[in-house]
Engineer: 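Handing you a structure now.
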Amino acid sequence: LLGDILAEKPQEKKAINNALVLSGLPIVDSARIERLQVFIRDKFLDKHGEVVKFSMPTDENGNSLGFALCCFQTDQQALDALTDIQGASLDKMHTLNVFKFSDFNRLADADDEWKPPEKAPFVDRGDLRSWLREDRCHDQFGVLHTAGSVATIYWHWPGDPQPVDSATRNNWTESRLHWSPLGTYLATYHTKGIALWGGEKFEQINRFQHKNVQIIDFSPCERYLVTFSPSVTKEDPHAIKMFEVDTGKMKRSFLHEQAAKWPVFKWSHKGEFFARVQTGKALQVFETPSFSLLDKKSISVQDVQDLSWSPTDNILAYWIAETDNQPARVILMTMPEKREVATKMLFNVADCRMHWHPQGNYLCVRVNRYTKKKLDADNTPKYINIYTNFEVFRMREKNIPVEKIEVTDAVSCFTWEPHGSKFAMVQGIASKGLSVVFYQVNAHDIEKVKVLEKRNVNTISWSPIGQHVVLAGLRSANGGLEFIDTSDMKTTANQEHFGATDIEWDPTGRYVVTTVSFWHVKVDNASHVYSSHGTLLYKLNKLERICQFAWRPRPPTLLSDEQIKNIKKNMKTYSRRFEKEDLQSSTRASKELLEKRARLNTEYEKWRAKLLEKFRGEKQKRLELRGVDTDELDSNAQDFVEETLEFPIKVERIRIDKLPQVAE
Amino acid sequence: FAFSQLSQLNQIMKPICLLGHMRSITQVRFNRDGDLIFTCAKDPHPSIWFALNGERLGSLVGHNGAVWCVDCRWDSKKVLTGSADNSAKLWDTETGKCVLSVDTNSAVRSCGFDFAGTSAMLTTDKTMGYKCTILLYDIRQDPAGQPACQMLVPESKITSAVWGPLSRFLITGHENGDLCQMDVRAQKVIRTEKHHKGAINDIRMYKDGTMFVTASKDHTARLIDSYELQLFKTYKTERPVNSADISPLRPHVLLGGGQEAQDVTTSGAHVGKFDAKFFHTVYEEEFARVKGHFGPINSVGFTPDGRGFVTGGEDGFVRLHSFDNDYFDFEFE
C-alpha cells in the first residue's frame with residue numbers, strides 16, 4: 001500500500017518526455033536556415049501544439065546539421081506529433097525521421113559489445129487446420145455456457161453434438177469467445193490481454209498483452225490481431241495495439257480519442273493494407289509488414305467521413321460530406337496506386353453508409369437525402385424530409401456504372417445475398433407494419449422482385465452460400481423465424497424460437513442456429529438447430545445458461561467456380577454415395593446407442609441388487625414395526641376387505657305421463 | 001434420439017381435474033393403498049379425495065394459514081398436516097376430526113409419519129429469530145406440545161425432509177443444495193453430501209425406501225441411494241424442478257416444475273411450458289411431456305400401483321391422470 005501511495009507522489013517533471021528530435025532534414029546554409037526553420041514549424045509542428053523550444057544546431061560555418069530539436073508544452077502533444085509526422089517526406093530526397101529525446105538515454109545505455117540475440121526454441125504448433133480433415137466434413141462450434149464460466153467446443157454431428165476432447169474448460173474466457181476469420185484460432189479475453197488457442201487439442205498458441213482489452217479484430221488473412229482497451233495510462237497511452245499473430249510481437253500501437261465504431265482500422269482483403277479515417281481531414285492508409293503509412297504520408301481528403309474496403313480487391317471506397325460549395329461524393333480508389341476508378345457526386349446528402357457485396361461484385365451506398373436543410377442555433381444542420389437512395393456500383397463492369405434506387409419509407413437491415421445478386425432490406429416503421437423487400441440486380445436494371453408485408457422482422461440473415469435467407473424477429477420481437485428460398489421466393493418454413501437473441505448460419509450454409517443468450521434473458525437459455533429449409537433438427541438445451549453459440553469459420557473453398565459447377569451437375573452420383581454412408585452411420589449409431597443402453601442397464605441392475613439385499617435384510621424389522629407385511633401392495637392380501645361402492649353413472653329424468661301405455 | 005417417441009404418449013386418457021383449492025397447491029400425496037388422495041394448498045383447508053373417481057371425501061378444517069405439507073399413515077387411519085400458522089395437526093381420516101395439535105415456533109415446512117406410524121417428524125422454518133428445527137413427537141398419546149426430541153439445524157435451512165429406511169434417520173434436503181442424514185435421537189448429522197447446486201424442493205422415496213429422487217431449483221432431479229447418499233442418476237431440464245417421483249411399476253421418473261412465479265409473465269403464455277416431464281430412470285432421457293397446467297407444477301406423485309399419476313400446480317388445480325395401455329407397453333428401442 002505504501003508503495004502505491006509513493007507512486008502517486010507528484011514527480012518532478014523531467015522535461016525530456018515532451019522533446020522530439022527531427023532528423024533527416026536537408027543541410028542548408030546559414031542563408032536559408034531561417035526559412036527552413038519556419039517551414040518545419042509551419043508544416044509539421046505548430047498544428048500539434050505549442051512549441052516551447054525549437055533549435056536547429058549549426059556547424060561552425062552556420063550550416064544546418066540535418067536535424068532539429070523541439071519541445072512541446074505537453075507530453076501528449078509530442079506523442080501526437082511523433083505519430084503524425086514520423087516518416088513524412090519533405091521532398092524527393094529527404095524523409096523526416098522523428099524520435100523521442102528520451103530514447104537517447106536508452107541508446108546511450110546500450111551495451112558496447114553486441115550480443116547476438118538468443119535463439120528462441122522452435123515450438124511445433126501441430127496442424128492448426130486439423131479440424132477441416134474430419135471424415136464427414138462436420139463443422140465445429142463453440143458454446144459459452146454456465147453463465148460464461150465454462151466454454152466447450154463441439155463437433156457438430158447432427159442430432160448428437162459431441163464435445164471435442166480436452167475442449168471443455170472452466171473460465172476459458174473472461175468475456176466472450178472470438179474465432180479468427182478463417183477459423184484457425186480461438187481467441188479468449190482476459191484482464192491481461194488476449195490468448196489464442198488452436199490445433200487439435202486447442203493448445204495455447206500465443207498470448208498478447210493488453211490490459212483490460214475490450215474488443216478485438218483480426219486481419220482477414222489472420223496474420224495480425226488488433227486489440228482495443230479503454231484503460232490507458234500515462235506510461236502507455238495507446239488504446240489500440242496491433243500484434244503479429246505468429247510471433248506475438250506488438251508491431252504498432254495507436255492513440256485513440258474520438259468516439260468511433262469498431263473496427264477503427266479496416267483491413268484490405270489480403271491484409272496488405274489497413275486504413276482509418278481522420279474524420280474531416282484525411283485517410284490514413286498503412287501497409288504491412290512495415291506498419292507505416294503508405295508512401296509515408298496520409299491522404300489528405302477534406303471532409304472525408306468514412307471508408308470501406310472491397311472484400312475481394314484492393315479498392316478503397318470513401319465518402320466525403322457535403323459542404324456549402326461542394327456536393328457530397330463517393331470515391332473508389334485502388335491501392336497502392338491511389339488511382340480513382342469511380343466517383344459519384346451526390347446532392348442533398350445527410351448521411352451515407354457503404355455496403356459491399358461479400359464477393360466484391362457490387363458496392364451499395366445507402367444515401368440518406370433530404371429535401372430541405374435548416375441550420376440550428378449552433379450551426380448543426382437539421383434535415384427535413386429524409387428519404388433514402390441506394391447507389392449500386394457494378395464493380396465488375398467496365399467503368400463501374402452506378403444505378404440508383406429510391407425508397408421513401410424508413411429503411412433498416414440492408415443485406416446482400418452472398419454469391420448472388422440480390423439484396424434485401426426492411427422497410428417501414430414498426431407502428432405501421434414492416435415489410436421485407438427483395439431486389440435483384442440484373443444486367444441492365446435493378447428489379448424489385450418481392451415485397452413481404454406485415455413482417456415483424458429486425459434481422460435478415462442470408463446463408464453464406466446464398467439462395468436461402470431467414471427473416472428473424474430477435475430479442476423483443478418474439479423470435480419469429482421465416483425461412484425463404486429466394487430462387488422462387490417461397491417460404492419453406494415458419495418457425496418460432498421465443499426470445500431468441502442471436503441467429504447464425506454455419507459456414508457451409510447447411511444449418512441455422514438461434515440462441516437465447518443468458519446475457520440478455522435469464523430463463524430458457526438454449527440453442528435451436530434448424531436445417532437450411534427451416535426444419536427443427538434438435539435443441540441444445542442440456543447446457544445451462546448458454547451465453548454464446550459461435551460456429552467455427554472455414555477458410556474459403558479451394559475449388560474453382562468451374563469445379564463447383566461440375567459438382568452441382570453431377571450431384572446425383574455424389575448424393576448416392578453419401579446416402580449410403582448416412583444409412584451406415586445411423587445403423588452404427590443405433591448399434592452404439594443400444595450397446596450404451598445395455599451397459600447402463602447392467603450397471604443399474606447391479607446397483608439395485610445391492611440395495612435390495614439391504615432391503616431384504618431389514619424385513620424382520622419391518623414386520624416388527626408394523627405388525628403386518630407391507631412390502632408389496634398385496635402382501636397382506638388376507639387382510640383385504642371387499643367393499644362394494646355404488647356410484648351413479650347416468651341420471652335420466654323421465655316424465656311420468658310420457659311413459660308408454662301399458663296394454664290392459 | 002427420443003423426440004419421436006413423444007407422440008406415442010400423448011394419447012393419455014382425459015385427466016380428472018380436482019377443483020378444491022382457491023390457492024396454489026403445495027403438496028399432493030396418496031395413501032399406501034392408493035385409493036385416497038390428500039391435497040394441501042396455500043389455503044387453510046387440506047382436502048381428501050377418492051382416487052377412483054375424484055369425488056371429494058371432505059376437507060380438514062382447523063388450520064389458519066397455508067398448509068405446506070401433508071402425510072398419511074401407512075394404515076390410512078391418520079393424517080398429519082403442517083402449516084404456516086405455526087402448528088401441525090393430526091387428524092382422523094375417516095371423520096376429519098382433529099385429534100392432536102402441536103404449536104411450533106415457526107411455520108412447519110415438512111412433516112411425516114415414521115415407518116411404524118407411532119412418531120411424527122416436523123421441520124420448521126428459520127424465521128423471526130428461530131432457527132430451523134427438526135421435531136419428533138410420539139403420537140401414541142397427546143404429547144401436549146412436548147417433542148420427544150428436537151434438533152437445531154444451524155446453517156442452511158431444511159426445505160424438504162423424509163424418513164429414511166426403517167426410520168432410523170431422516171433424510172433432509174437443504175436450501176443450499178446439501179443432502180443430510182440426521183439421527184435426531186442421537187442429535188447428530190450422520191453424513192452430508194452435496195449433489196445439487198440449488199435448493200432441494202422435494203424428496204420422494206421409492207416404494208421400498210432404498211432410494212429416493214430429489215427435485216431441485218438447479219433444474220435437475222437426481223436419483224440417490226438412501227443408505228450412503230450416493231448419486232446415481234441425474235435428470236436435466238431447462239427449468240427449476242419443484243417435485244419428482246419414481247414410478248413403482250416402470251423405470252420412469254416424473255418431474256414437475258416451472259419457472260419462478262415472478263418470471264411467469266416474461267415468457268409466452270404457452271400452455272406447454274407447464275408440463276409434467278417423464279424421464280427414463282436408467283437412460284436419463286426425457287421421453288414424454290404431459291401438458292395441462294396453467295402455472296408451474298408444485299407437486300407430483302405416481303399412484304402406488306403405477307397406473308397413473310397426479311400433479312398439483314400453482315394454478316390451484318390438481319390433475320389426476322390414468323395411463324392408457326400404450327404406456328405399459330412402451331419401450332425404448
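Naming: A, B, ... by sequence-line order, numbering from 1 per chain.
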Engineer: Side chains of A/W607 and B/L223: does their closest heavy-atom pair fall under 4.5 Å?
Structural biologist: yes
Engineer: Quick one: OH on B/Y206 to CG on A/L611, what's the gap to the nearest 0.5 Å?
Structural biologist: 10.5 Å
Engineer: Is A/E544 in contact with chain B via its backbone, its side chain, both, or neither, using a 4.5 Å heavy-atom distance?
Structural biologist: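 For A/E544, the contact with chain B is made by the side chain alone.
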Engineer: Count the heavy atoms belonging to other residues, nucleotides or ligands that lie under 6.0 Å from CD of B/E94, then report whether that count exceeds 12.
Structural biologist: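 For B/E94, atom CD is not crowded (no more than 12 foreign heavy atoms under 6.0 Å).
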Engineer: Side chain, backbone, both or neither: which part of B/E284 has a non-hydrogen atom closer than 4.5 Å to chain A?
Structural biologist: neither
Engineer: Nearest 0.5 Å, what's the CE-CG distance between B/M211 and A/L612?
Structural biologist: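 Separation between the atoms: 8.5 Å.
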Engineer: Identify which part of B/D305 has an atom lying under 4.5 Å from any heavy atom of chain A, answering side chain, backbone, both or neither.
Structural biologist: both
Engineer: Taking C-beta and beyond as the side chain, do B/R239 and A/D524 meet within less than 4.5 Å on heavy atoms?
Structural biologist: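 B/R239 vs A/D524: side chains touch.
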Engineer: Going by the rule side-chain hydrogen bond (donor to acceptor under 3.5 Å, both in side chains), which residues pair with A/Y604 if we only count those two or more places apart in sequence or in a different chain?
Structural biologist: none
Engineer: Sequence neighbours left out, what passes salt bridge (Lys or Arg N to Asp or Glu O under 4.0 Å) with B/D138? Give chain and number order.
Structural biologist: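 Residues passing salt bridge (Lys or Arg N to Asp or Glu O under 4.0 Å) with B/D138: B/R140.
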Engineer: So among A/R608, A/K614, A/R622, which one has a side chain to side chain donor-acceptor pair (under 3.5 Å) with B/D208?
Structural biologist: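 Testing each of A/R608, A/K614, A/R622 against B/D208, the sole residue satisfying side chain to side chain donor-acceptor pair (under 3.5 Å) is A/R608.
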Engineer: Please state whether the side chain, the backbone, both or neither of B/Y235 comes within less than 4.5 Å of a heavy atom of chain A.
Structural biologist: neither
Engineer: For atom CZ of A/R455, decide whether the heavy atoms of other residues, nucleotides or ligands shown that lie under 6.0 angstrom number more than 12.
Structural biologist: yes
Engineer: Salt bridge check: are B/D75 and A/R626 linked by an N-O gap of less than 4.0 Å?
Structural biologist: no
Engineer: Is it true that, when you exclude A/E595 itself, more than 12 heavy atoms of the residues, nucleotides or ligands shown sit nearer than 6.0 Å to its CD?
Structural biologist: yes
Engineer: Side-chain contact, heavy-atom cut-off 4.5 Å: A/L625 with B/W74?
Structural biologist: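 Side-chain contact under 4.5 Å: no.
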Engineer: So, A/R597 and B/E285, do they make that salt bridge, N to O below 4.0 Å?
Structural biologist: yes
Engineer: Is it the side chain or the backbone of B/T281 that comes within 4.5 Å of chain A heavy atoms, both, or neither?
Structural biologist: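 Contact with chain A is through the side chain of B/T281 alone.
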Engineer: Quick one: list whatever passes salt bridge (Lys or Arg N to Asp or Glu O under 4.0 Å) with B/D35, sequence neighbours left out.
Structural biologist: none
Engineer: Within the structure provided, determine whether B/F115 and A/T630 are in side-chain contact (heavy-atom separation under 4.5 Å).
Structural biologist: yes
Engineer: Take a 6.0 Å sphere around NZ of A/K522 and say whether it holds more than 12 heavy atoms from other residues, nucleotides or ligands.
Structural biologist: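 Count over threshold, so yes.
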Engineer: In terms of heavy-atom proximity below 4.5 Å to chain A, should B/Y227 be classed as side chain, backbone, both, or neither?
Structural biologist: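 When you check distances to chain A, only side chain atoms of B/Y227 fall under 4.5 Å.
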Engineer: Tell me the residues of residues 511-519 of chain A whose non-hydrogen atoms fall below 4.5 Å from those of chain B, in number order.
Structural biologist: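 The list, in residue order, is empty: none.
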Engineer: Can you confirm whether A/K596 is buried at NZ, in the sense that more than 12 heavy atoms of other residues, nucleotides or ligands lie under 6.0 Å from that atom?
Structural biologist: no
Engineer: Where on B/R168 is there a heavy atom nearer than 4.5 Å to chain A: the side chain, the backbone, both, or neither?
Structural biologist: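 For B/R168, the side chain is the part near chain A, not the backbone.
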Engineer: Once you round to the nearest 0.5 Å, how far does NZ of A/K621 lie from CG of B/L166?
Structural biologist: 6.5 Å
